[in-house]
2 protein chains.
Amino acid sequence: MTNDARERILTACEQTIARAGIRGFRMQDVASTAGVSIGLLAYHFGDRDGLLQAALDHVTERAADRATHSADATTAATRLAALLCSEFGRDPEIRAGSIAWNELRALAVFEPAQAAAVARSTAAWQRTVHELIAEAVQDRGGDLDPAAAALILTALVEGLSGRWLTGQVTVEEAQVSVREAIRGLGL
Amino acid sequence: MTNDARERILTACEQTIARAGIRGFRMQDVASTAGVSIGLLAYHFGDRDGLLQAALDHVTERAADRATHSADATTAATRLAALLCSEFGRDPEIRAGSIAWNELRALAVFEPAQAAAVARSTAAWQRTVHELIAEAVQDRGGDLDPAAAALILTALVEGLSGRWLTGQVTVEEAQVSVREAIRGLGL
DNA sequence: GCGGCAACTGAAACTGTTTTCAGGATAGGC
DNA sequence: GCCTATCCTGAAAACAGTTTCAGTTGCCGC
């Protein structure tokens with residue numbers, strides 16, 4: 001039951017963050033959503049910061065998983081496009097993850113501890129993109145610097161993600177933009 | 001004196017948001033920074049939300065101004081690069097504006113009123129970029145769709161801005177990336 | 001069945017922040 | 001000089017949220 005409760009609390013945290021952001025994150029909401037008492041949050045995670053930290057670790061862990069397990073398309077360029085476009089989608093889980101990630105990034109501007117976690121996670125993702133680009137460049141030739149291109153593409157996806165979450169672009173528009181940028185870089 | 005005080009309060013708001021984010025935004029901090037009593041904030045702006053709203057309007061207004069008044073370089077492509085790169089810089093004011101904008105964008109995910117303001121402001125900026133691209137395309141020729149390129153470049157700048165504020169890239173790296181992307185798109 | 005331990009509860013205490021409000025200062029019109 | 005309106009103050013009250021803690025439950029080994 002212990003792990004069950006922990007897991008339920010962390011899931012409730014994600015839902016709460018997706019619904020209201022970190023600013024609107026209330027321990028009471030989390031407890032209610034998870035169907036446990038507020039005291040249990042403290043029992044398992046110490047204080048609000050500990051809970052938030054655990055929840056955010058949970059989110060980034062699952063995001064890292066998703067990034068890894070989406071590789072079975074044919075060419076490197078196709079896999080690259082699929083990986084980057086998987087950040088957008090109608091699936092509520094994708095949106096929730098994206099919102100959590102967005103909040104986390106905003107938080108990181110003021111909290112060095114968060115900044116380190118964000119940086120580590122971003123670097124891992126960018127490295128995956130880097131490798132795919134290097135592979136694609138080998139296929140097609142070209143004078144592109146894979147590291148520079150990886151920075152551009154991942155930053156672009158983050159920017160588009162902000163636009164998408166605020167309703168400024170649709171999923172399709174974001175994905176088209178990503179593909180166009182990949183093409184623009186000569187891949 | 002009235003407008004003086006109002007203006008000082010709004011400036012203090014920006015500094016406070018830049019220092020601590022919207023979650024760390026304390027009316028008392030604002031009052032101290034502006035050198036006025038906390039009661040005066042209520043007198044002029046009603047409540048916390050009213051103050052925050054006014055401060056954010058103030059930020060977007062000035063951001064729009066800055067975007068408009070930076071046009072005197074030679075070619076359209078040069079002006080485009082200058083405009084986009086002006087989002088990054090060591091000047092504390094640029095950083096503060098960027099942080100405030102970053103916070104505002106994160107807030108907009110949950111507050112439709114903010115989302116509308118952000119969308120309007122972003123659209124204006126993107127339109128400026130669009131026009132510069134159209135001009136540059138005329139100069140050089142090419143099959144680029146200026147609207148699509150404007151979306152890509154502005155979203156890229158927003159993504160890089162997040163990386164910069166969290167210390168993941170330097171001002172120079174961000175600017176180099178922007179220039180490289182412009183070049184990649186064939187401008 | 002008893003002792004002890006881990007999971008769990010929720011109301012009360014506490015902390016930090018915002019809002020209110022009675023009133024003080026200043027300037028301008030009469 | 002007096003009256004009034006506007007700007008402004010800051011302490012007190014109200015509020016929102018987190019943390020604590022004394023106590024309950026149920027399980028497991030003995």
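All of these numbers come straight from a predicted model, not from anything done at the bench. Chain identifiers are assigned alphabetically (A, B, ...) following the order of the sequence lines, protein sequences preceding nucleic acid strands; residue numbering begins at 1 within each chain.
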Between its two end axes (five pairs each) the helix from C:dG1-D:dC30 to C:dC30-D:dG1 turns, nearest 10 degrees, through 0°
From CZ of B:R8 over to C1' of D:dC7, roughly how many Å is that when rounded to an integer?
12 Å
Test of understanding: with salt bridge (charged side-chain N to carboxylate O under 4.0 Å, His left out), list the residues that count as partners of B:E173, not counting sequence neighbours.
none
Pairs flagged by ring pair (Phe, Tyr, Trp, His ring centres under 6.0 Å) wherever residues 157-187 of chain A is involved - sequence neighbours left out
A:F88-A:W164
Would you mind reading off the distance between B:L41 atom CG and D:dC8 atom C1', rounded to a whole angstrom?
11 Å
Does D:dT6 have OP1 or OP2 sitting under 4.0 Å from an N or O in the side chain of B:H44?
no
Side-chain hydrophobic cluster, 4.5 Å single linkage: members besides B:L107
B:I9, B:L10, B:I17, B:I22, B:F25, B:M27, B:V30, B:V36, B:I38, B:L40, B:L41, B:Y43, B:F45, B:L51, B:L52, B:L56, B:W101, B:L104, B:V118
Could you identify which residues cluster with A:V59, counting Ile, Leu, Val, Met, Phe, Trp and Tyr as linked when any side-chain heavy atoms lie under 4.5 Å apart, either directly or through a chain of such contacts?
none
Salt bridge (Lys or Arg N to Asp or Glu O under 4.0 Å): which pairs involve residues 150-167 of chain B, sequence neighbours left out?
A:E158-B:R163, A:R163-B:E158
Run the salt bridge (charged side-chain N to carboxylate O under 4.0 Å, His left out) test against A:E14 and tell me which residues pass, sequence neighbours left out.
A:R62
Which residue pairs satisfy the side chain to side chain donor-acceptor pair (under 3.5 Å) criterion with at least one member in residues 17-33 of chain B, sequence neighbours excluded?
B:Q28-B:S32
Protein proximity profile, nucleotides 10-20 of chain C - base contact B, sugar-phosphate-only contact S, no contact -, cut-off 4.0 Å on heavy atoms
BB-----SSBB
B:V109-A:I94 co-clustered via ILVMFWY side chain contacts under 4.5 Å
yes
Short side-chain N/O contact from A:Y43 to OP1 or OP2 of C:dC8, under 4.0 Å:
no
For B:S98, all residues meeting side-chain hydrogen bond (donor to acceptor under 3.5 Å, both in side chains), sequence neighbours excluded
B:S161
Once side-chain hydrogen bond (donor to acceptor under 3.5 Å, both in side chains) is applied, do any residues pair with A:S177, and if so which ones, sequence neighbours excluded?
none
Please write out the pairs of protein N or O atoms and N or O atoms of nucleotides 23-28 of chain D separated by less than 3.5 Å, giving the distance to one decimal.
none

